[in-house]
There are 4 protein chains.
Amino acid sequence: MLVTMAVAEPDNAARRAPRVDAIRNREAIVRAAAEVLAEQGAAVDVREIARRSGVGMGTLYRHFPKKEDLVQTVLRQDFSRWAESARQAAIAAEDPWAAIADFYEQALTGYARHRAIVENLALTWSDPDLEGIQQLRLVIEELCARAQAAGLLRPGVTTDDLLLLLVSLGHAVQVTDECRPRMWRRLLHISLDGLRADRGEPLPGDDVSVH
Amino acid sequence: MLVTMAVAEPDNAARRAPRVDAIRNREAIVRAAAEVLAEQGAAVDVREIARRSGVGMGTLYRHFPKKEDLVQTVLRQDFSRWAESARQAAIAAEDPWAAIADFYEQALTGYARHRAIVENLALTWSDPDLEGIQQLRLVIEELCARAQAAGLLRPGVTTDDLLLLLVSLGHAVQVTDECRPRMWRRLLHISLDGLRADRGEPLPGDDVSVH
Amino acid sequence: MLVTMAVAEPDNAARRAPRVDAIRNREAIVRAAAEVLAEQGAAVDVREIARRSGVGMGTLYRHFPKKEDLVQTVLRQDFSRWAESARQAAIAAEDPWAAIADFYEQALTGYARHRAIVENLALTWSDPDLEGIQQLRLVIEELCARAQAAGLLRPGVTTDDLLLLLVSLGHAVQVTDECRPRMWRRLLHISLDGLRADRGEPLPGDDVSVH
Amino acid sequence: MLVTMAVAEPDNAARRAPRVDAIRNREAIVRAAAEVLAEQGAAVDVREIARRSGVGMGTLYRHFPKKEDLVQTVLRQDFSRWAESARQAAIAAEDPWAAIADFYEQALTGYARHRAIVENLALTWSDPDLEGIQQLRLVIEELCARAQAAGLLRPGVTTDDLLLLLVSLGHAVQVTDECRPRMWRRLLHISLDGLRADRGEPLPGDDVSVH
DNA sequence: GATGAATGAGGCTTCATTCAT
DNA sequence: GATGAATGAAGCCTCATTCAT
């Protein structure tokens, strides 16, 4: 009986104990990777990630058999968090228009300096295998619908317009992040004004000419 | 023996002759590099450039001791051309506002799909060792001044705003170039509307809040 | 706490209990290793063995501190079984010649598809640290002696000849196992015919020329 | 004119000159690779090959973009040489039977100690993408036909039988090469005797039983 | 000067072995 | 004792740059 217990007990313990460490390591890896990917984009050396997370190469590759796996994991996570934080900001807003403004404010403040995310948004536009972008789309879709229903958003503006605006401004954030960190807000202000319904004329179709 | 002869020749002949070739080669290199950098960005293999220009690696490196040198040369040139073509479009416009619109139209149509340029605009913002961007600034500065003098441009909008808008939309162009090549025009339309003086309120300072 | 109890137990219980498990594990490891080594040869990943045996890497390495130890253990065991099964086939035969034929038949049918064994036979020939091969030798020696005494085996044929023939045909079995699984029997037939005493001339010595 | 000459001349020279070196290197690589592959099989470290051939990794990979390419090149070459040398030995023989004997003698003496070749023969049996083996087959086919026409080869023996015998004995050669380098000749002698027509009975089909 | 072959540091990945739980 | 996560030395391959011809 004791045997059984002695055997059974460590069994349970043995299964949970290492996992704590493994989880800690996995988290450390993801955290370090997120950091590094945000700073330097997806072209980083895997060793840099291993170094920063304090694990060996083998550990990293045990958790993420290919570099791409790690990158995708981090991007998915950061995308989700990004989308969620922006959504929260939108929800908290008083009116539909403030929701849009707060959404961009939060989205651009929070994550647009994440190099790998913006890199990936560019790649993903045509091939959205990254489910994350869908979350973002859903949020924007709702924002769009609400604002349009309230007659605040300029007719003809689509979800894709707002999404592309996000991507576009995201790039502006990256460009100015280091030397003029508040500058992008001016562009945002301008763009939002251009989106308002009181602009008068609805936005033409894809063949829109600027004249 | 031939070498001896070539060396024995008068300086004139000996020096001018190869230079013709050298110049031709240099041009071929720059041309090919511009092509490749536009298509694939600055991360391309140097061999690809050598291959397309039809010269050997040695020749390429004789003219440009570092890959970076070649990249800078090409970017400077393409930046200049870009600025110039956009300026021409602006000059040809009837009124100051059309000048701005045509400037963006031309700039975004012509060069924004140049991967290396947009890549570099991002890097260059903070460290403008690339004189090219200055040309662009000058053009924009003038556009800005004219439109403001005519009371068409929203007060408070700066040259940097317009420059950053260019960079930002440039990225949008790249993102959508392959699958929705006309989509960026919608963003441009929106942004230009946001820039119009009839927007009512002037654009606040850097501490602008979106509310 | 449980640990304390387990330690406090009389030596008998404390020592015997884990050993049951240990033995079971060791057997599982050896069994799985035999399978894998047979299928894939000695170049397999140790993890594959651990996986199939259902034990952790630590357990595996507790029993076999080096991969080589496990490989040798398995090979020794499989060699012995191989030799024994072939010996049984030989014993069951009616006459000395049938004993030889059945021996090869059994040996080649049963184990020659064991990749690691055939791999190892090659290495072992010069450095027979593998005692297993000795068992095989003993069987063959006896077969040889009986057949020669009965005047059935061609004079001059040695135990080493028969052993090398086994190795040689073993390779043929592996080569053809997947696409022409019966083909090796033709070679065996030919070789056995070449070994018969009625071949006329005795087999010359090592300096034998084929003419 | 001088210019033209000066430019044209080096052009020609420049194209041939480096090629001499390149060819020398390529040959050195292939030679070293053949050596190493023969000694250690296809699992060798690419660096070992680079080291032995006296070139850098880059040079090696310039000539052979993948390790597999180099391996295939060497194997094809060595296979061809092997087949050819064996064929020559066969051609030089007085009669059809001697041709067979000399063929095996030469084939086994010359190349069977080439680890990678024998490794590959095993893999290639089912998937003969290695054209080399076809050369060998052709030679054997002819030997077979001639000997059978002369009534020297046992009826029922096929080209595949002789080919498999070669592979089988090739393995025997490898096994015994270091400690008993002449021993394989005894097996060859035995096998050839088993192949002779005067063995009386023809060789049965694939379902041959040894009884 | 031109050529393109050569170089080798550095990037990704695997796997025998060790170690904390 | 058992577990399986962690380790890091190799192994394959790429590419900016140099060098012999």
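Hydrogens, waters and symmetry mates are skipped; everything else that's a heavy atom, side chains included, is used. Throughout, protein chains are lettered first and strands after them, A, B, ... in sequence-line order, and every chain is numbered starting at 1.
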Query raised in the report: Passes side chain to side chain contact (heavy atoms under 4.5 Å, CB included), A/Arg115 versus A/Glu39? Steps please.
Result: CA-CA 6 Å; A/Arg115 294 193 92 77; A/Glu39 283 171 22; 5.7 Å; no

Report task. Could you check how far CD1 of B/Ile23 sits from C1' of E/dG1, rounded to whole Å? Result -> 13 Å

**Report entry** Pair assignment for F/dA2, Watson-Crick or G-U wobble, requiring both distances under 3.5 Å
**Finding:** E/dT21

Query raised in the report: Starting at the 5' end of DNA chain F and moving along, which residue's nearest nucleotide shows up first, A/Gly54 or D/Ala42?
Result: A/Gly54

Report summary line: Taken to the nearest whole Å, CD1/A/Ile49 to P/E/dG11 is 12 Å

**Report entry** Separation of F/dG1 P from C/Glu27 CD (nearest whole Å)
**Finding:** 15 Å

**Report entry** Pairwise 5' ranking along DNA chain E for C/Ala43 and A/Ala43, keeping only the more 5' one
**Finding:** A/Ala43

Report summary line: Whole-Å distance, B/Glu48 CD to F/dT17 P, equals 17 Å

Query - Pairing of D/Asp21 and D/Arg24 as salt bridge, 4.0 angstrom limit - result: yes

Query raised in the report: For the pair made of CZ in A/Arg47 and P in F/dA9, what is the distance, rounded to whole Å?
Result: 10 Å

Report summary line: From the candidates F/dT7, F/dA2, F/dT18, the one with an atom nearest any side-chain atom of A/Val55 is F/dT7

Query raised in the report: Any luck finding a side-chain donor-acceptor pair between B/Asn25 and B/His63 under 3.5 Å?
Result: no

Query - Minimum-distance nucleotide (side-chain atoms of B/Asn25 versus F/dT7, F/dT21, E/dT3) - result: E/dT3

Query - Separation of atom CG in B/Asp45 from atom C1' in F/dT17, rounded to whole Å - result: 12 Å

**Report entry** Counter-base of E/dC12, judged by Watson-Crick or G-U geometry with both distances under 3.5 Å
**Finding:** F/dG11

Query raised in the report: A/Lys66 side chain N/O closer than 4.0 Å to the phosphate oxygens (OP1, OP2) of E/dT14?
Result: yes

Query raised in the report: Rounded to whole angstroms, how far apart are NZ on D/Lys67 and P on F/dT14?
Result: 14 Å

Query - Closest nucleotide among F/dA2, F/dT14, F/dC15 to the C/Ala22 side chain - result: F/dA2

Query raised in the report: Any ion pair linking B/Glu48 and B/Arg52 (charged N to carboxylate O, less than 4.0 Å)?
Result: yes

Query raised in the report: Roughly how many Å is it from CZ in B/Arg24 to P in E/dG1, rounded to a whole number?
Result: 14 Å

Query - Per C/Val46 side chain, nearest of listed nucleotides E/dA16, E/dG4, E/dT13 - result: E/dA16

Query raised in the report: Of the candidate nucleotides E/dG4, E/dT13, F/dC13, which contains the atom at the shortest distance from the side chain of B/Met57?
Result: E/dG4

Report summary line: On a heavy-atom basis, the closest approach of C/Ala50 and C/Met57 is CB-SD, 3.8 Å

**Report entry** Among E/dC12, F/dT17, F/dT7, the one nearest A/Thr59 by side-chain distance
**Finding:** F/dT7

Report summary line: Result for 5'-nearest mapping on DNA chain E, choosing between B/Arg62 and D/Leu60, is B/Arg62

